[in-house]
Trainee: 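Mind looking over this structure? Questions follow.
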Amino acid sequence: MTTLPTSTQKKLGLVIDLDTCVGCHACVVSCKGWNTENYGAPLSDQDPYGAVPSGTFLNRVHSYEVQPEQGQAALVHFPKSCLHCEDAPCVTVCPTGASYKRVEDGIVLVNESDCIGCGLCAWACPYGAREMDAEEKVMKKCTLCVDRIYNENLPEVDRVPACVRTCPAGARHFGDFADPESNVSILTAERGGMDLMPEQGTKPVNKYLPPRERDRSEDVDILAPFLDPVASEPKGFMGWLDKALSTMPGGQ
Amino acid sequence: MHPAPSVIIFSTMSGIGFGLLVWLGLGHPGVTGFSAFVFFVVAYLLAVGGLIASATHLGHPERALKAFTQWRSSWLSREGICAVAALIVMAIYGMGLVFFGSRWGFIGLIGAVLSLGTVFTTAMIYTQLKTVPRWNHYTTPAMFLAFCVSGGALLAGQWSEAFWLLLLTAALQVLVWVRGDTALAQSGTNLATATGLGNMGGVRPFEAPHTGPNYLLREFAFQIGRKHAQTLRIIAFVLAFVLPLLIILLPFNHFLAGVAVISHIAGVFASRWLFFAQAEHVVGLYYGARSV
Amino acid sequence: MTHTQPTLDLSPKVSDEIRKTTCYMCACRCGINVHMKEGKVAYIEGNRDHPVNQGVLCAKGSAGIMQVNAPSRLKSPLKRVGPRGSGEFEEISWEEAYGIAEAWLKPLHENAPEKLAFFTGRDQSQSFTSLWAQGFGTPNYAAHGGFCSVNMAAGGIYTMGGAFWEFGQPDWDHTKLFILFGVAEDHDSNPIKMGIGKIKARGAKMVGVNPIRSGYNAVADDWYGITPGTDGLLILSIVHLLFKAGKLDLDYLARFTNASCLINEDPKSDEYGLLLKDVAGQPIVIDRRTGQPAPWNGQGVEPDLSATYRDKGITHRPVFHKMAEKYLDEQYAPEAVAERTGIEASRIRQLAAQIARTAFDEAIELDREWTDFRGVKHDKMVGRPVSFHSMRGISAHSNGFQTCRALHTLQIIIGSVETPGGMRFKPPYPKPSTAHPKPHCKVTPGKPLDGPHLGYVQGPDDLCLDDDGNAIRIDKAYTWENPMSAHGMMHMVISNAHAGDPYKIDTLFLYMANMAWNSSMNTDGTMKMLTDTDENGDYVIPHIIYSDAYSSEMVAYADLILPDTTYLERHDCISLLDRPICEADAVADAIRWPVVEPDRDVKGFQSALCDLGARLGLAPFTNEDGSQKYADYADYITNHIRRPGVGPLAGWRMGENGLNDGRGEANEAQLQTYIDNGGFWMSHVPEEAAYYKPFNMAYQDWAVKMSFFDAPQPYIFTLYSEPLRRFQLAAEGVGTRQPPEHLRQQVKDTMDPLAIWYAPISESVEDETEFPVHALTQRPMAMYHSWGTQNAWLRQIHGHNPLYVPTKIWEANGFAEGDWARVSSPHGDITVPVAHMAALNENTVWTWNAIGKRKGAWALSDDAQETKKGFLLNHLIHELLPAKKDGMRWSNSDPVTGQAAWFDLKVNITKVAAPTESQPNYPPIKSPVAKGSGPLTQKVGQ
Ligand SMILES: Nc1nc2c(c(=O)[nH]1)N[C@H]1C(S)=C(S)[C@@H](COP(=O)(O)OP(=O)(O)OC[C@H]3O[C@@H](n4cnc5c(=O)[nH]c(N)nc54)[C@H](O)[C@@H]3O)O[C@H]1N2
Ligand SMILES: Nc1nc2c(c(=O)[nH]1)N[C@H]1C(S)=C(S)[C@@H](COP(=O)(O)OP(=O)(O)OC[C@H]3O[C@@H](n4cnc5c(=O)[nH]c(N)nc54)[C@H](O)[C@@H]3O)O[C@H]1N2
Ligand code: SF4
Ligand code: SF4
Ligand code: SF4
Ligand code: SF4
Ligand code: SF4
Ligand SMILES: [Mo]
């Protein structure tokens, strides 16, 4: 329903590990493949072999450069799909009720047969998680692979979103945030999982794990002894050799 | 935001159309019979024409009826209901004026309120969007309403009211522009919060997820040059306010009155175009400078 | 009015059937589940049981469906009707195509086999195609390795019997410090990502050494933005520090490397610098138990690292002395290399210290007994949990061979090769250079060549030179210019054939290599050479046959096209005989099989070769009675016997008592068994054989059982490489096979038996001030060379490519977003869009590889973004360096292996007004297939 449920039984969503994502776009394409063939209308492509092709995708990987005040710039790959917000503005703006948040698991979905293609929900989403399909003229968005995660025709291990199953680096995790013992809750707690645009008040369910601190091998002071020369004075090559070899097991 | 012609046409035309209905509903001018008929035809052409234009914006206009269902949460749904109610009520009122020569004041008042409500709900569709900080402010409905009643007054030939309302609207327009230009920066949403990477350092977009355009870029990442925008603002301001005000100050003349109305409408078009074209959606942040 | 939540079908049917085969969007060769609906491919996902990818799949793999449906697929054999390069063709039958090929090739086979040059691209059936070429009798065969990464392969094989990717991988489960040199993507695409994921999940550390901080390097905990071409210096500086600090695994060095072998130290001796050998030809060490010389592999021998030995009046010192002498030299001190490498001395120390700490203070022990080849029992496996991986970033330079050797030297001195937590070989590796064949090049008209073309030379005697010292091979592989060109030199074929140097050829037969575009240096020149005519108006290269599956740029330059199938439409064999899919813990091979039948008049290339081989009467493809031996490739895969008991596939062979792994006779049901098993076969390495493989008897015995070798052949690592020394010695004047004078110094300088660093060769001929900026390419993870572009999904991700420019150069040029630049090299210029990148070596620019396309190719519209904004860096790179003072033009390759030095490119950048399209740009070629159209709205199961 277009008003949001006051609470959902589960809070299913993704944890995306920005420390590990190598920016390979595997999740992007497997999402495209699965969702073209499954839930709702296929994700179409315009001008696919022409000047500038442009199609519908439910998951996209950006990349950003971060320049700290001191030191080297870093690069962060940044996958983005629907965050299945608890206070999803995309749902409340929808005039038809096509956009709704499921009571049982909190997945935000579009009921395509009710969608008039007004685009307002995409306007309301701060994250760019919704794309209007140019052929079908209905709003498309990440379904959290609702047709996989409960699908009894799939082996149990495969009842996870397509993007999670395919991610070669293991940077995407799927689970229930309502359960504090779930993998996603634990990862979020341990690694300081964060919200995107918290000030927008959308209360995203998906969490992002920040990159671990980079370029920190200045700990060289601690490490310095590891490079103490064997021969403290330059006693020549033989002196070095003697000393070096005396460290050999079996002694010399 | 992409300045979609359908939406600009819709909001400009229907805004003025409903504005005229407001004045008619309040009995200014107090016309009946054929001249009432002419006024109502003009008002309905504008209001309904605008609504039809907006429907062409829909992917599935054939399902448009579904849009009336979600009035409890959706301003778009409320707008639809308000618009239909206003049109029906004003039709009844107009029938009284045209066919029975009688003015059913109470119905007119309700119709006027519903007409204002329609414009207000339209404005709220934009105002509610936190994602567009330029719009997410009380000045948005204020401006929509001000345009509505001042344009309505011009069309309704209420010169003295129009004069003061135009002055007020002009002031509001300046306020909206000035405030709007810093709205995104002041909203607290920026690439640092969008990516959560702000505490690592300055964040800069490196590579977009796709080399071509997509729906998001087409819809949200519209950008116009600063200089271009300033020129357009001046044109909009002169057409919408300065010229009509000057004409009002001159002795009344039918031809000039027409010029004032047309100039105002053209100015509102330009202003509305800028309203969309200059609005920054926060999604644009993800794409950064390489978005155009 | 309320709205009720719709009821969804949460368990929709996924597909009618899953067919399991092997991906081919790159050479990683992941297992895939192809979901079929109504007989059509509906969805592709990774196969969870597969050893390579364990269920995951990359972007290209998932987009395979768009590859199989691509409008660019060739539809039938083609005969050129317009001028070469025009793209004008006529569709012909296979019968006619075979007839044409036979008419050209039969006389060559019978009279002058060397006039056929048969080169294959990133082929995964080299053991098959080389057999065909051998049968034909031409010495002119190789695959693409020469322009790809032969430095990595040869540097590894000559040093330790294997390198990375197909040879070896980090011990992902145990490593604590993983250091990645010069890799953007590599062939081991998914395993590296999975490995990085494992490391990250354990909180272990990853370091990236790369001028560019993207992809894997972006997730590295530490990044060293090295100046291109200087990794050898950085590595040897670390080696220097470790030597100085004595942080060496001396026990490992003594036992398992030739650091303990004795070298002849007499400059007057003909054996100067060679290893002292016993009568059986085995290198000698001093046994610490007796102080006496003993063969390196004698039972119980404990090699001494320091004892010198005088024999027949000649002093012999152990290799270790030489190493210490060389690497303790102050030229390798961090301060001495900092400027050159672009890495501060303190950071070099940090890296060395981290390596030392992790290797020695965080060593791990596995409670696993093992026995070495000297019969010594060890009760534990000691691990040095520092691992390395590397690829073209260090190998695609003219000093790449020695840089690869330097990296292996570093791994070996800390004892981290084949030990837990270090780098591990994948069966059938390790395999030392001496266990590989030597190159063969003896031509007998009408008969097969005298042996396999490619191999590992052990010294000047093995070069492919005729009695006058001229190159026998068209690519001049195995000559003094590049003696150890173990993969041949595909990048020299067209220019040598065009120049008639060393001789003219008649037919150029290419398979799966886009030589008229992204895989050649000097693209423009290559197109001209392919179309050049002689004084009679005949093409200088008279006949060109090409097999491609798609309408690539190269198609337009051939006279006869043999259209291949796509990867889901054919049989393939990923065999232990060439480049298998093994993992460190398992031997494995795999197949592809037609999960869909082609809907066009195309044929698997290998099957076409079976037909053609029989028509030409090539011995390996003909029965005694002259009839065709293999009906098609599937027949070959099943029935070909390479050595007794050994065939293309090692799984489910017919043994004496039923089915066997590894060895056995042909099994008619083999392919079906593979299909039933998910398309692959795998057998695990026994636990006690899992590490120390070259020295571990349990491994050696298992390897024999599995058919990798016919007898155990343990060996020690050759930190000191005798084959290199043999070439150097010849250059010093010893022996009868002497290098030509102009190459003498180069051989001396570059073929050092211990790993060294020298500046990229181009720097001695190019003007550093005129061309101060390094220019590189990287593979995008979501694109495979030129062939990703026809994919409607992938070309939305990478449809054009800017040149990424570091902050310093960006600001100096006053660049802004949307600007364009002219980029020039000594060889030419290009005009391209630029973009800013901060996480980049300050003297380096780069772009994505092979995004730019020629108008008319790939069934794209002529105004495709790839042709207007995309570009190739290849226009700036030449296969020859600019002329030296003496007028000679040297090959732009590694002087040891002939590896194409793509990444030695230096350029100059200036801002220019934006042109309408990137430059150079070429007129469209005619497409032999209909152009693609849209929109795409397909959903198979509707
Ligand atoms: N500037 C620059 N240039 C480079 C490199 C670089 O790093 N920088 N890298 C170099 C390296 S390492 C390599 S390996 C080369 C790669 O360069 P190429 O080997 O030329 O690679 P592709 O562009 O993939 O072209 C292979 C051809 O195979 C065709 N093909 C695809 N599938 C099939 C099939 O199933 N059957 C047949 N018969 N044909 C098929 C494709 O259509 C294409 O025409 O590029 C080299 N060029
Ligand atoms: N997705 C995808 N995968 C592929 C391919 C593909 O086209 N697409 N191609 C396949 C082929 S044929 C090959 S050969 C492999 C190659 O795989 P890679 O070896 O990863 O090859 P490149 O992408 O050329 O990346 C070379 C890397 O080396 C860095 N580099 C360049 N010069 C130096 C240097 O001097 N020092 C250091 N430290 N780094 C340097 C570059 O910045 C770049 O990151 O990939 C294979 N896998
Ligand atoms: S991410 Fe956007 S589309 Fe998804 S629930 Fe939140 S607001 Fe709605
Ligand atoms: S586009 Fe569809 S889902 Fe979105 S608000 Fe409009 S009707 Fe609702
Ligand atoms: S959960 Fe499913 S729909 Fe959502 S991004 Fe992942 S693959 Fe796409
Ligand atoms: S598949 Fe995984 S590693 Fe690759 S882009 Fe997606 S999240 Fe990142
Ligand atoms: S890495 Fe990707 S393209 Fe290569 S074989 Fe695996 S899935 Fe296919
Ligand atoms: Mo390659």
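Throughout, a chain's letter reflects where its sequence line sits, starting with A, and its residues are numbered from 1.
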Trainee: So which of A/Ala129, A/Pro211, A/Gly201 has the biggest tally of heavy-atom pairs under 4.5 Å with chain B?
Mentor: A/Pro211
Trainee: Shorter than 4.5 Å, heavy atoms on both sides: which option in B/His57, B/Arg78, B/His210 has the most such pairs with chain A?
Mentor: B/His210
Trainee: With a 4.5 angstrom heavy-atom cut-off, is it the side chain or the backbone of B/Leu191 that approaches chain A, or both, or neither?
Mentor: side chain
Trainee: So for A/Thr202, is it side chain, backbone, both, or neither that comes closer than 4.5 Å to the heavy atoms of chain B?
Mentor: neither
Trainee: Tell me yes or no: between the side chains of A/Asp114 and A/Thr96, is some donor less than 3.5 Å from an acceptor?
Mentor: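 Side chains of A/Asp114 and A/Thr96: no pair found under 3.5 Å.
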Trainee: I'd like to know which of A/Trp123, A/Tyr208, A/Tyr127 tops the heavy-atom pair count under 4.5 Å against chain B.
Mentor: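 Most heavy-atom pairs under 4.5 Å with chain B: A/Trp123.
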Trainee: Hey, is the main chain of A/Cys82 close enough, under 3.5 Å, to the side chain of A/Asn206 for a donor-acceptor pair?
Mentor: yes
Trainee: Within residues 120-133 of chain B, which positions have a heavy-atom distance to chain A below 4.5 Å?
Mentor: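 Expected list: B/Ile125, B/Tyr126, B/Gln128, B/Leu129, B/Lys130, B/Thr131.
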Trainee: Is the charged tip of A/Arg130 near the ring of B/Tyr215: under 6.0 Å from the six-membered ring centre and within 45° of its axis?
Mentor: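 Verdict for B/Tyr215: no cation-pi partner in A/Arg130.
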Trainee: B/Thr182 side chain to B/Arg179 main-chain N or O, any donor-acceptor pair under 3.5 Å?
Mentor: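 Looks like yes, one N/O pair under 3.5 Å.
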Trainee: Looking at A/Glu112 and A/Lys140, is any side-chain nitrogen of the basic one under 4.0 Å from a carboxylate oxygen of the acidic one?
Mentor: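 Yes, charged N to carboxylate O under 4.0 Å.
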Trainee: Between A/Ala134, A/Cys115, A/Pro210, which has the largest tally of heavy atom pairs under 4.5 Å with chain B?
Mentor: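 Maximum pair count with chain B is reached by A/Cys115.
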Trainee: Can you tell which of B/Ala192, B/Ala194, B/Ser187, B/Ser77 has the highest number of heavy-atom pairs within less than 4.5 Å of chain A?
Mentor: B/Ala194
Trainee: Between A/Gln46, A/His25, A/Glu65, which residue shows the highest count of heavy-atom pairs closer than 4.5 Å to chain B?
Mentor: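 Highest number of heavy-atom pairs under 4.5 Å: A/Glu65.
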Trainee: Can you name the residues that form a ring pair (Phe, Tyr, Trp, His ring centres under 6.0 Å) with A/His62, not counting sequence neighbours?
Mentor: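 Here the qualifying residues are A/Tyr64, B/Tyr286, B/Tyr287.
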Trainee: Nearest heavy-atom pair of B/Val22 and B/Ser115: which atoms, and what distance?
Mentor: CG2-CB, 3.6 Å
Trainee: Which pair of heavy atoms, one from B/Leu51 and one from B/Ala83, lies closest together, and at what distance?
Mentor: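 Minimum heavy-atom contact is CD1-CB, 4.0 Å.
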Trainee: If we define contacts as heavy-atom pairs under 4.5 Å, which of B/Val203, B/Thr195, B/Val282, B/Leu197 has the most with chain A?
Mentor: B/Thr195
Trainee: Among all residues two or more places apart in sequence or in another chain, which pass the side-chain contact (heavy atoms from CB on, under 4.5 Å) test with B/Thr56?
Mentor: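 Partners of B/Thr56 under the side-chain contact (heavy atoms from CB on, under 4.5 Å) test: B/Ser6.
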Trainee: Using 0.5 Å steps for rounding, measure from the CZ atom of B/Arg272 to the OG1 atom of B/Thr12.
Mentor: 5.0 Å
Trainee: Is it the side chain or the backbone of B/Glu219 that comes within 4.5 Å of chain A heavy atoms, both, or neither?
Mentor: side chain
Trainee: For chain B, find which of A/Val52, A/Val61, A/Val28 contributes the most heavy-atom pairs closer than 4.5 angstrom.
Mentor: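 Between A/Val52, A/Val61, A/Val28, the count favours A/Val61.
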Trainee: Return the option, out of B/Ala64, B/Ala67, B/Gly198, with the maximum number of heavy-atom pairs under 4.5 Å with chain A.
Mentor: B/Ala67
Trainee: Can you name the closest pair of heavy atoms from A/Leu144 and A/Gly13 and give their distance?
Mentor: CD2-N, 3.8 Å
Trainee: For chain B, which residues from residues 182-193 of chain A have at least one heavy atom closer than 4.5 Å to it?
Mentor: none
Trainee: Between A/Lys207 and A/Asp195 (salt bridge meaning N to carboxylate O under 4.0 Å), is one present in this structure?
Mentor: yes
Trainee: In terms of heavy-atom contacts, does CD of A/Gln70 have more than 12 from other residues, nucleotides or ligands at under 6.0 Å?
Mentor: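 No - once you tally the heavy atoms of other residues, nucleotides and ligands closer than 6.0 Å, there are 12 at most.
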Trainee: Just so I understand: if I count every heavy-atom pair under 4.5 Å between each of A/Glu69, A/Met194, A/Gln67, A/Met139 and chain B, which residue has the most?
Mentor: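 Heavy-atom pairs under 4.5 Å are most numerous for A/Gln67.
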Trainee: Under the side chain to side chain contact (heavy atoms under 4.5 Å, CB included) criterion, do B/Phe275 and B/Val176 qualify, and how do the steps go?
Mentor: CA-CA 9 Å; B/Phe275 175 77; B/Val176 162; 5.7 Å; no
Trainee: Given a strict heavy-atom distance threshold of 4.5 Å, which part of A/Glu136 is in contact with chain B: side chain, backbone, both, or neither?
Mentor: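 It is the backbone, since no side chain atom gets that close.
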Trainee: Looking only at heavy atoms, what is the nearest atom pair of B/Thr189 and A/Glu199, with distance?
Mentor: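 It is OG1-OE2, 2.6 Å.
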Trainee: Write down the atom of A/Pro204, the atom of A/Leu83, and the distance for their closest heavy-atom approach.
Mentor: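 The answer is CB-CB, 3.7 Å.
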